[in-house]
Amino acid sequence: MNINNEKKQLLISSIRNSKTFSKATTSNSLLQYLCDASINEIVLKESIIDVEFFKSNADSDKSSPRVRVNIYNLRKKLNEYYQAEGKEDAHIVSIEKGQYNLHFTKRPPIKSFYSKIKLKNVVPYGLILIMLVVFLVSNLPPKKDAIWGSYIEKPTSLYIGDIFGIMGNTATGNYGWNRDYAINNLSDYYALSQKNEDVKTNTKPANYTYTTGMAVIATQRIEQVFQQFNTSPSIKFISQSSIADIKQENAIYVGPTKNNNHFIHFFNQSNKYFRISNDSLFLKGHPQLADTSFYLNSSGLTEEYAVVSNIPGPGNTNQLLFFSNHDIGVSSTIEFYTNRESLTSFIKKNTNNTPYFTAVFKAEGKSRTNTKLELILTSAIE
């Protein structure tokens, strides 16, 4: 490295005035001597240093080790200086082993941690890190929304709206399963049999109930929602449940209204402007919506009205109700509310910052399979 003589002198003066060299008299003076030789471009030898600096007799044949010893000590002092006071100096003064002339070199820049990293070594680990992050993010449970969240967090029962049956003579004259919409449970049956001797004599309660395909679809879709959070609702039949059972925990009901189930009572109690009665939904006195009614027990299998309502239940519970008297209504609304995209859009547009609401849909389909779902109206429950 080319460094001018003035710079060399400044470097040596700085070192000689340091604490490291303050008490090292010989090393201090020897350093200046070597600097002068460097400035004057004198190639030093041990014998020259011995005569000129240590003032030995040039005619003496006896070799003295003091030059090597003092050069060694000076080299040590320089190392000591650069480890402490001179650790940030831009230039380094050194004496190579076996030599006696000073060397002036520019200190190499300190490499940062990142500059030491070789790209070929980083890429594989970077890819592994990216894959790990993607894996962790993809396995995070989805965010609980305002509607399903309360059912996932607390014990919940899914009630299937089954149809109670009795065994007796059928319309074809055979003996088999019959349906009477006035009889929806054992209590109804025994109350009627006490009044009607023919019922008591010729019929008996069936040992199984009847459900439609909506029960399978609803159970599967709702289970999928819960399984994302490693939990599952209990599954019960409404014909075998009492109001006391329902009041114990959160409840989800899927099924018809024509079975006069207990959830119709809770729906009417919680909805100020809506009421279900005689297979119809009535809307009356709403501040924004006109009075109207919807007949829920529509004939045929191509279209029907469905009602979905999330209401506060008794004893700090919640109830999510899916009402329709045919498969297409419950099936289509269950699919709607278990689809994250449609559910998020519904919550944003229709719930008015409250999880409680009542919504009326018109469902169209073919062969009990839904093909179109239209939201007719919705109202938040304050």
Side-chain angles (χ1 to χ4, degrees), residues 157-216 218-219 233-249 251-271 274-282 293-301 304-307 309 311 313-315 317 319 321-330 368:
S157 287
L158 169 60
Y159 289 88
I160 304 299
D162 57 338
I163 305 298
F164 185 84
I166 58 176
M167 300 300 293
N169 292 328
T170 66
T172 59
N174 295 314
Y175 186 82
W177 196 92
N178 287 270
R179 165 64 175 145
D180 187 328
Y181 288 116
I183 304 174
N184 295 293
N185 50 53
L186 282 171
S187 297
D188 290 346
Y189 173 80
Y190 287 123
L192 181 62
S193 65
Q194 293 297 319
K195 298 177 183 179
N196 190 316
E197 187 65 28
D198 184 59
V199 171
K200 183 177 182 180
T201 302
N202 298 312
T203 66
K204 66 177 182 178
N207 54 13
Y208 61 92
T209 57
Y210 169 78
T211 62
T212 61
M214 66 86 196
V216 177
T219 301
S234 302
I235 299 177
K236 303 175 181 178
F237 289 107
I238 190 63
S239 65
Q240 301 170 9
S241 305
S242 65
I243 288 184
D245 296 328
I246 295 170
K247 291 171 65 176
Q248 292 180 2
E249 58 187 7
I252 302 170
Y253 173 79
V254 291
T257 58
K258 61 186 178 182
N259 58 2
N260 293 320
N261 62 81
H262 301 306
F263 288 104
I264 296 175
H265 162 77
F266 291 113
F267 173 88
N268 291 338
Q269 190 177 57
S270 298
N271 277 274
F274 293 90
R275 181 173 181 81
I276 293 176
S277 179
N278 298 321
D279 292 324
S280 293
L281 172 71
F282 299 94
S293 63
F294 302 91
Y295 184 57
L296 302 178
N297 196 20
S298 59
S299 59
L301 305 175
E304 69 168 331
Y305 291 109
V307 181
S309 190
I311 61 176
T317 64
Q319 296 177 354
L321 314 176
F322 294 87
F323 291 132
S324 80
N325 284 332
H326 300 291
D327 283 359
I328 57 176
V330 165
R368 293 183 178 268

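Just so we're clear, the structure is a prediction, and the values are computed from it rather than from any experiment. Hydrogens, waters and symmetry mates are skipped; everything else that's a heavy atom, side chains included, is used.
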Calculate, to the nearest 0.5 Å, the distance between atoms [atom1] and [atom2] belonging to [X] and [Y] respectively.
{"X": "Thr257", "Y": "Leu321", "atom1": "OG1", "atom2": "CG", "value": "11.5 Å"}
{"X": "Asn297", "Y": "Asn325", "atom1": "CG", "atom2": "CG", "value": "4.5 Å"}
{"X": "Phe164", "Y": "Asn259", "atom1": "CZ", "atom2": "CG", "value": "12.0 Å"}
{"X": "His262", "Y": "Ile246", "atom1": "NE2", "atom2": "CD1", "value": "5.5 Å"}
{"X": "Thr211", "Y": "Ile160", "atom1": "OG1", "atom2": "CD1", "value": "7.5 Å"}
{"X": "Ile166", "Y": "Leu186", "atom1": "CD1", "atom2": "CG", "value": "11.5 Å"}

Could you tell me whether a side-chain N or O of [X] sits under 3.5 Å from a main-chain N or O of [Y], the two making a donor and an acceptor?
{"X": "Asn261", "Y": "Pro256", "answer": "yes"}
{"X": "Asn174", "Y": "Thr170", "answer": "no"}
{"X": "Asn185", "Y": "Gln240", "answer": "no"}
{"X": "Asp245", "Y": "Ser241", "answer": "no"}
{"X": "Ser324", "Y": "Val330", "answer": "yes"}

*asked:* Taking the side chain as everything from C-beta on, heavy atoms only, tell me whether Pro205 gets closer than 4.5 Å to Ile183.
replied: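 Heavy-atom side-chain distance check fails, nothing below 4.5 Å.
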*Pairwise side-chain contact, Gln319 with Pro314, heavy-atom cut-off 4.5 Å (strictly under)*: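 A side-chain contact exists here, since the closest heavy-atom pair is under 4.5 Å.
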Residue list, ring-ring contact (aromatic ring centres under 6.0 Å, His included) with [X], at least two apart or on another chain:
{"X": "Phe266", "answer": "none"}
{"X": "Phe263", "answer": "Tyr159, Tyr253"}
{"X": "Tyr305", "answer": "Phe294"}

_Worked check of side-chain contact (heavy atoms from CB on, under 4.5 Å) between Met167 and Asn202_ = CA-CA 9 Å; Met167 300 300 293; Asn202 298 312; over 6 Å; no
*Quickly, which of Asn271, Asn260, Leu281 forms a side chain to side chain contact (heavy atoms under 4.5 Å, CB included) with Ile276? Name it, please.*
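Testing Ile276 for a side chain to side chain contact (heavy atoms under 4.5 Å, CB included) against Asn271, Asn260, Leu281 leaves exactly one candidate, Leu281.
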_Between the side chains of Lys236 and Glu249, is the shortest nitrogen-to-carboxylate-oxygen separation below 4.0 Å, so that they form an ion pair?_
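Answer for the salt bridge query: yes.
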_Parallel, tilted or perpendicular: ring planes of Tyr208 versus Trp177, cut at 30 and 60 degrees_ =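 Parallel, since the angle between the ring planes stays under 30°.
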